[in-house]
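Read through the structure below, which is laid out as structure tokens, and then see the notes.
Counting convention: from 1, in listed order, for ligands and their atoms alike.
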Amino acid sequence: MSASTSEIKRITTHVIQAMKNRGEKIAMLTAYDFSMARILDEAGIDILLVGDSASNVMAGHETTLPITLDQMIYHAQSVVRAVHRAMVVVDMPFGSYQSNSEIALKSAIRIMKESGAHAVKLEGGAEVEESIQRILMAGIPVMGHLGLTPQSIYKFGTYTVRAKQEAEAQKLHADAKLLDSLGCFALVLEKIPARLAKEVSKSIEIPTIGIGAGPDADGQVLVTHDMLGITKDFKPRFLRRYLELFDAIGEATQRYISDVKGRDFPNEHEQY
Ligand code: KIV
């Protein structure tokens, strides 16, 4: 943790903006449960995202589409209970904000009221402008998400890099400016060319948080289970693995099985 944020008791939208203003990078990770959130918060993470990637990572679905608002709130409640310092942002799941702005506001209010989280995140630009405006008017901080937006996977057809072509890059840039002007407090840029992420980050006031968007976003986010090596076969170019926990947990489990079957566990000190 950098010296400049180490004394801060609670990360807020103002702290996040100040970090961009003074050139300090923002570190964000996903969390879906109490135990992991506690470790990440104590380690000094700035933002914990209760991502709808819980649909993949926790529930084993192929996409983020099936997870429900109730399930997101359950995950968010568990994370909020663990956290003392980090800002907790909750993904609005597919179907909870796209149909109209009234439904979007109701969903955002449920997330904030029932989980105690500090902000919501939703995917898209001009298409969801009205919903974003309405949520912001209720005093709920909103994080945007552009580039590869996994809730639209069936429209894109693939998880490859977005906005490589000029027209899509221009639309992304315009959407980023729109989200900035509406009053979003931060913006996730997923899987876009590093050059574009740099341009966008320079041209808007609010911080950008990149995933597969190069080094010049104002912060970085990874799915915690990917960066700890719990998800075994997911190895995109942008991912840096800090542990190989799939293997480590597997080996520990094999040792436990062997100790149980060999009558080595529990020993005389491990009983009453
Ligand atoms: O759901 C998620 O984990 C996300 C991140 C990849 C940004 O949206």
Legend entry - Nearest-0.5 Å distance, CZ of residue Phe234 to CG of residue Asn56: 8.5 Å
Legend entry - His173 NE2 to Glu166 CD distance, which is reported to the nearest 0.5 Å: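 If I round to the nearest 0.5 Å, the distance is 10.5 Å.
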Legend entry - Worked verdict on Arg255 versus Glu251 for salt bridge (Lys or Arg N to Asp or Glu O under 4.0 Å): CA-CA 6 Å; Arg255 278 177 26 230; Glu251 278 160 31; over 6 Å; no
Inset, instruction - List the closest protein heavy-atom neighbour of atom 2 (C) of ligand 1: residue, atom name, distance to the nearest 0.1 Å. - result: Ser53 OG, 3.2 Å
Inset, instruction - Can you pull out the closest protein heavy atom to atom 8 (O) of ligand 1? Residue, atom name and distance to 0.1 Å, please. - result: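 Result: Lys121 NZ, 2.9 Å.
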For the pair [X] (side chain) and [Y] (backbone), establish whether a donor and an acceptor sit closer than 3.5 Å, ignoring hydrogens and angles.
{"X": "Lys20", "Y": "Ser201", "value": "yes"}
{"X": "Gln271", "Y": "Asn267", "value": "yes"}
{"X": "Gln151", "Y": "Pro93", "value": "no"}
{"X": "His145", "Y": "Glu123", "value": "no"}
{"X": "Ser55", "Y": "Thr63", "value": "yes"}

Contact atoms of ligand 1, heavy-atom distance to [X] under 4.0 Å:
{"X": "Val223", "answer": "3 (O)"}
{"X": "His145", "answer": "8 (O)"}
{"X": "Asp91", "answer": "1 (O), 2 (C), 8 (O)"}
{"X": "Thr30", "answer": "3 (O)"}
{"X": "Leu49", "answer": "2 (C), 4 (C), 5 (C), 7 (C), 8 (O)"}
{"X": "Ile211", "answer": "6 (C)"}

Inset, instruction - Check if Met28 has a non-hydrogen atom at a distance under 4.0 Å from any atom of ligand 1. - result: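 Heavy atoms of Met28 never come under 4.0 Å of ligand 1.
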Inset, instruction - Mark the output for Glu123 as yes if a heavy-atom distance to ligand 1 is under 4.0 Å, and as no if none is. - result: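 No.
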Inset, instruction - Could you tell me whether the side chain of Met72 reaches within less than 4.5 Å of the side chain of Val50, counting heavy atoms only? - result: yes
Inset, instruction - Could you tell me whether Thr64 approaches ligand 1 through its side chain, its backbone, both or neither, with non-hydrogen atoms closer than 4.0 Å? - result: neither
Legend entry - Proximity winner for atom 1 (O) of ligand 1, if only heavy atoms of Asp226, Val221, Ile67, Asp52 are counted: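 Heavy atom nearest to atom 1 (O) of ligand 1 belongs to Asp52.
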Inset, instruction - Please confirm whether Tyr32 comes within less than 3.5 Å of ligand 1 when only nitrogen or oxygen atoms on both sides are compared. - result: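 Between Tyr32 and ligand 1, no N or O pair is found under 3.5 Å apart.
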